[in-house]
Amino acid sequence: MIRPILTFEKAKEEFDHIVTDFSQIPEKEITYIETHVGWKFSDTQLLKRGGKEWIIEPLRELQPLSYQVLKEHASEYMVGFYWFRSVPNPACPLNRMGHTGFVVVKDRVIWVRAHAREIITGSINYFHPSIRESWLKRAGLWGVSPSVAAWYPRMLVGGARFYLSFENYAELADRRWKKTILPILEEKIPQLYNDGWPTFRCFLDSRLPDDGSTIGDQLYILEEDPEKRVYWVKDCNFKQMYYLENPGEAIDAYSAHTLLQKEGRFDFSPWGKPW
């Protein structure tokens, strides 16, 4: 069953605390961050540096449609905190804490997370400049999920924090993918693997968070690609793939469409060129 996208009302039920200012963070949560997480890659840093206005400013020139939607419709930036048990036993104390930053757009919780390992590893540099210098300039990922446990969010630019290998989608398309899909990709991408690591990776999945079907659009990057192309796979059809001409414009139009929850499926084909 596909669970609905998390709404703000539901988020208020699932979070123990939600803050809109750095000074509002409770002492217990501060101690946990300092002891277990560290401030450097905490979403609270986005709050401290200026919140929504600071985060979306890089989108103004490179993603003007999305910038306007966020400026007009997004709430202020918030960070939610929730405590949970390290083991699913009621006798165990609530000894672990998660915290995630977000804005609310038309009652949907839109996760806006801080940078993490992609800054350390340099994988942020794999992205086209129109994405790297806008969506990923001051945030590490954007997306939606069914709950406050925001693992592998979908529908917006996911960045390199949780980007998935093409293998996840090839297997979904065909259980025999190693015989039917892999040879096609290996012919197109000689550097498909780097010491066993898949270099063709999905950073945007248009499907609803729990949707396990093949119907949807995925955007990919190829690590170490000097052209920084964005590749489009429609409905997991790896036998007919495309790259996006002017990917910044395409992603801007798609993101504005998605944030506003417009009816109908977005069409990437005006920007798609057969690959």
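Of the inter-residue distances, the one linking L222 atom CG with R229 atom CZ reads 10.5 Å to the nearest 0.5 angstrom. Taken to the nearest 0.5 Å, the CD1 atom of I189 stands 9.0 Å off from the CG atom of D225.
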How far apart are the C-alpha atoms of Y231 and W275, what are their side-chain angles, what is the distance that settles it, and do they pass the ring-ring contact (aromatic ring centres under 6.0 Å, His included) test? CA-CA 8 Å; Y231 300 91; W275 178 36; 4.3 Å; yes
M97 and F81: CA distance, side-chain angles, deciding distance, side-chain contact (heavy atoms from CB on, under 4.5 Å) verdict: CA-CA 7 Å; M97 187 197 78; F81 299 83; 3.9 Å; yes
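Geometric assessment of R96 against the ring of F84 yields a negative cation-pi assignment under the 6.0 Å and 45° thresholds. For the pair K48 and W39, the cation-pi test (distance below 6.0 Å, angle within 45°) is failed. The cationic group of K12 lies under 6.0 Å from the six-membered ring centre of F8 and within 45° of the ring axis, placing it in a cation-pi geometry. Both tests hold for R201 against W197: distance to the six-membered ring centre under 6.0 Å, angle to the ring axis within 45°.
The two residues L259 and K106 make their nearest non-hydrogen contact at O-CD, 3.9 Å.
Ring centroids of W142 and W135 are separated by less than 6.0 Å, placing the two rings close together. Centroid-to-centroid, the aromatic rings of W83 and Y32 come within less than 6.0 Å. Centroid-to-centroid, the aromatic rings of F166 and Y220 stay 6.0 Å apart or farther. Ring-centre distance between F266 and Y254: below the 6.0 Å cut-off.
In summary, the side chains of S66 and D252 do present a donor paired with an acceptor at a separation below 3.5 Å, with no hydrogens or angles considered. Under 3.5 Å, the side chains of T180 and D174 contain a donor-acceptor pair of N or O atoms. Defined by atom type and a distance below 3.5 Å, a donor-acceptor pair is missing between the side-chain atoms of T44 and H99.
By the criterion of side-chain heavy atoms lying less than 4.5 angstrom apart, applied directly or through intervening Ile, Leu, Val, Met, Phe, Trp or Tyr residues, F102 is not grouped with L46; the two fall into different hydrophobic clusters. In the hydrophobic clustering of ILVMFWY residues, with side-chain heavy atoms under 4.5 Å counting as a link, V69 and V157 come out together. Hydrophobic clustering of Ile, Leu, Val, Met, Phe, Trp and Tyr side chains at less than 4.5 Å, counting indirect connections, unites L192 with Y243. In the hydrophobic clustering of ILVMFWY residues, with side-chain heavy atoms under 4.5 Å counting as a link, L156 and L62 come out apart.
Ionic pairing of E245 and K273 is present here: one or more N-O contacts between side-chain nitrogen and carboxylate oxygen are shorter than 4.0 angstrom. Using a 4.0 Å cut-off between charged nitrogen and carboxylate oxygen, K234 and D217 do not count as a salt-bridge pair. Salt bridge annotation for D107-K10: absent, with no cationic side-chain nitrogen under 4.0 angstrom from a carboxylate oxygen.
A side-chain donor-acceptor contact under 3.5 Å links K52 to the backbone of L70. Here the side chain of H73 pairs no donor or acceptor atom with the backbone of V104 at under 3.5 angstrom.
Not a single side-chain hydrogen bond (donor to acceptor under 3.5 Å, both in side chains) links Y152 to another residue, sequence neighbours left out. In this view, R207 and D205 satisfy the side-chain hydrogen bond (donor to acceptor under 3.5 Å, both in side chains) rule, not counting sequence neighbours. Remark: E27 pairs with no residue by the side-chain hydrogen bond (donor to acceptor under 3.5 Å, both in side chains) rule, at least two apart or across chains.
Contact check for Q191 versus E224: no side-chain heavy atoms found under the 4.5 Å cut-off.
Shown are R60, E61, E72; of these, the side-chain hydrogen bond (donor to acceptor under 3.5 Å, both in side chains) with Y67 is made only by R60.
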